Amino acid sequence: MKALVTGCAGFIGSTLTERLLEDGFDVIGIDSFTDYYSRAYKESNLECSLGNKRFTLIERDILSIETFPDVDYVFHQAAQAGVRKSWGRDFEIYTRDNILATQWLLEYYKDKQINKFVYASSSSVYGDVEPVCRRF
């Protein structure tokens, strides 16, 4: 089985990539290494996967890719993180990276024979929550 993981250098994307590789998948990861988090941090997230022969990294912006790989599964994790900077002068960045990139992927894969397209948002969408204290 083959999987595409966008945002593969992020925390969630890199963890998912490692799990898919452990489960025997061939994984193609896409990440543009935007500077919201340091490049060194993102590279450290990929450290284990880069040593796996079943992992291929594509360092590109999703919107600059015309033809995506043939895969069985798409896990779309790529996004511009952080809610606080999503308004004002940075709104265009969020629109481009979070909405247009998602639409571009959906349009590309809508007529392809894939098993699943999974889109997962970041933890930033949950907002303020009351702490949960579990007592055992």
Side-chain angles (χ1 to χ4, degrees):
M1 288 289 183
K2 235 186 214 184
L4 173 68
V5 178
T6 67
C8 67
F11 174 73
I12 297 171
S14 63
T15 303
L16 173 61
T17 295
E18 287 177 22
R19 178 58 190 259
L20 290 168
L21 290 168
E22 287 173 14
D23 288 350
F25 280 76
D26 291 326
V27 179
I28 300 161
I30 298 175
D31 206 290
S32 65
F33 290 87
T34 60
D35 62 1
Y36 193 83
Y37 296 106
S38 76
R39 184 172 182 103
Y41 173 77
K42 291 180 180 182
E43 286 175 346
S44 72
N45 286 343
L46 286 178
E47 201 168 51
C48 293
S49 299
L50 287 171
N52 191 310
K53 65 182 180 195
R54 286 182 287 105
F55 177 70
T56 303
L57 174 63
I58 299 172
E59 186 177 341
R60 302 249 325 256
D61 182 308
I62 289 171
L63 290 171
S64 73
I65 300 172
E66 292 184 25
T67 303
F68 291 93
D70 292 330
V71 294
D72 302 297
Y73 298 89
V74 175
F75 296 94
H76 181 39
Q77 305 293 313
Q80 182 63 44
V83 174
R84 287 183 192 97
K85 290 185 65 180
S86 65
W87 297 102
R89 63 184 170 94
D90 292 325
F91 183 69
E92 185 177 336
I93 295 168
Y94 283 80
T95 302
R96 183 183 188 290
D97 292 348
N98 296 2
I99 298 170
L100 295 178
T102 302
Q103 188 260 347
W104 187 247
L105 276 169
L106 286 168
E107 285 292 331
Y108 183 84
Y109 282 107
K110 73 178 181 179
D111 297 322
K112 304 289 183 189
Q113 296 297 316
I114 63 172
N115 293 334
K116 294 267 186 204
F117 186 108
V118 178
Y119 170 66
S121 183
S122 76
S123 61
S124 297
V125 301
Y126 301 119
D128 294 332
V129 295
E130 293 296 319
V132 176
C133 183
R134 299 179 196 267
R135 299 190 192 274
F136 296 95

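Here the structure is a predicted model, which is why all the values come from computation and not from measurement.
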Q: Rounded at 0.5 Å granularity, tell me how far CD in E43 sits from CG in L57.
A: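 Here the interatomic distance stands at 9.5 Å.
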
Q: How far apart are the closest heavy atoms of G7 and A78, and which atoms are they?
A: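 Closest heavy-atom pair between G7 and A78: N-CB, 3.5 Å.
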
Q: Could you list the residues that satisfy side-chain hydrogen bond (donor to acceptor under 3.5 Å, both in side chains) with Q103, not counting sequence neighbours?
A: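 Testing Q103 for side-chain hydrogen bond (donor to acceptor under 3.5 Å, both in side chains), a comparison that skips the adjacent residues, returns none.
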
Q: Taking only residues two or more places apart in sequence, or in another chain, which ones meet I93 in a side-chain contact (heavy atoms from CB on, under 4.5 Å)?
A: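 I93 satisfies side-chain contact (heavy atoms from CB on, under 4.5 Å) with Q80, D90, D97 only.
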
Q: Assigning hydrophobic clusters by single linkage (Ile, Leu, Val, Met, Phe, Trp, Tyr; side-chain heavy-atom cutoff under 4.5 Å), is I62 placed with L4?
A: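 Yes, same cluster.
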
Q: With sequence neighbours excluded, tell me which residues meet side-chain hydrogen bond (donor to acceptor under 3.5 Å, both in side chains) with S38.
A: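 S38 satisfies side-chain hydrogen bond (donor to acceptor under 3.5 Å, both in side chains) with no residue once adjacent residues are dropped.
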
Q: When Ile, Leu, Val, Met, Phe, Trp and Tyr are grouped by side-chain heavy atoms lying under 4.5 Å apart, directly or through other members, which residues fall in the same group as I99?
A: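 Hydrophobic cluster check, I99: no partners found.
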
Q: Tell me every residue that passes side-chain contact (heavy atoms from CB on, under 4.5 Å) with I114, counting only those two or more places apart in sequence or in another chain.
A: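 Per chain and number, I114 pairs via side-chain contact (heavy atoms from CB on, under 4.5 Å) with V74, Y109, K112, F117.
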
Q: Which residues pass the side-chain contact (heavy atoms from CB on, under 4.5 Å) test with T67, sequence neighbours left out?
A: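 Per chain and number, T67 pairs via side-chain contact (heavy atoms from CB on, under 4.5 Å) with Y108.
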
Q: Has N45 got a side-chain atom pairing as donor or acceptor with S14's backbone, closer than 3.5 angstrom?
A: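 Checking the backbone N and O of S14 against the side chain of N45, no donor-acceptor pair under 3.5 Å is found.
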
Q: Test your reading of the model: is there a side-chain donor-acceptor pair from K42 to the backbone of T34, 3.5 Å cut-off?
A: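 Confirmed, K42 side chain pairs with T34 backbone.
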
Q: Atom CG in L100, atom CG in L105: separation rounded to 0.5 Å?
A: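 Going from CG on L100 over to CG on L105, the span is 11.5 Å.
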
Q: Not counting sequence neighbours, which residues clear side-chain hydrogen bond (donor to acceptor under 3.5 Å, both in side chains) with D23? List them please.
A: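 Scan of D23 (side-chain hydrogen bond (donor to acceptor under 3.5 Å, both in side chains), adjacent residues dropped) gives R19.
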
Q: Starting at OG of S32, measure out to CD of E59 and round the result to the nearest 0.5 Å.
A: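 That separation rounds to 8.0 Å.
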
Q: For R54, which residues count as a side-chain hydrogen bond (donor to acceptor under 3.5 Å, both in side chains) partner, sequence neighbours excluded?
A: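 By the side-chain hydrogen bond (donor to acceptor under 3.5 Å, both in side chains) rule, R54 matches no residue at all.
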
Q: If a pair satisfies salt bridge (Lys or Arg N to Asp or Glu O under 4.0 Å) and one of its residues is in residues 98-110, list it, with sequence neighbours excluded.
A: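 Listed by first then second residue: E107-K110.
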
Q: Identify, with sequence neighbours excluded, every residue that meets salt bridge (charged side-chain N to carboxylate O under 4.0 Å, His left out) alongside R96.
A: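 With neighbours one apart ignored, the set is D61.
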
Q: Kindly say whether Q77 contributes a backbone atom to a donor-acceptor pair with the side chain of T6 at under 3.5 angstrom?
A: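 At least one qualifying donor-acceptor pair exists.
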
Q: Minimum heavy-atom separation for S49 and L21, please, with both atom names.
A: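 So the minimum-distance heavy-atom pair works out to OG-CD1, 3.7 Å.
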
Q: For F33, check ring pair (Phe, Tyr, Trp, His ring centres under 6.0 Å) against everything at least two apart and list the hits.
A: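 So F33 forms no ring pair (Phe, Tyr, Trp, His ring centres under 6.0 Å) with any residue.
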
Q: Distance from L46 atom CG to C8 atom SG, nearest 0.5 Å?
A: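 Here the interatomic distance stands at 5.0 Å.
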
Q: As an exercise, state the distance from CZ of F75 to CG of L20, rounded to the nearest 0.5 Å.
A: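 Those atoms lie 5.0 Å apart.
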
Q: Have a look at V5 and tell me which of I30, V118, V27 forms a side-chain contact (heavy atoms from CB on, under 4.5 Å) with it.
A: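 Testing each of I30, V118, V27 against V5, the sole residue satisfying side-chain contact (heavy atoms from CB on, under 4.5 Å) is V27.
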
Q: Taking W104 as the starting point, is it possible to reach V71 by hopping between hydrophobic residues whose side chains are less than 4.5 Å apart?
A: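 Looking at the clustering, W104 is in the same group as V71.
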
Q: Please find the pair of heavy atoms, one from P69 and one from I28, that lie closest to each other, and give the distance.
A: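 Residues P69 and I28, closest heavy atoms: CB-CD1, 3.5 Å.
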
Q: Just checking N115: does its CG atom have more than 12 heavy atoms from other residues, nucleotides or ligands closer to it than 6.0 angstrom?
A: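 Yes, the 6.0 Å shell around CG holds more than 12 heavy atoms from other groups.
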
Q: Strictly by ring pair (Phe, Tyr, Trp, His ring centres under 6.0 Å), give each pair with a member in residues 2-32 just once, sequence neighbours left out.
A: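 For residues 2-32: F25-Y73.
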
Q: Side-chain contact test, heavy atoms from C-beta onward, threshold under 4.5 Å: evaluate it for T102 versus H76 and give yes or no.
A: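 The answer is yes, as the side chains (C-beta and beyond) meet within the 4.5 Å cut-off.
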
Q: Which value, rounded to the nearest 0.5 Å, describes the distance between R60 atom CZ and L63 atom CG?
A: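 Reported to 0.5 Å precision, the distance equals 11.0 Å.
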
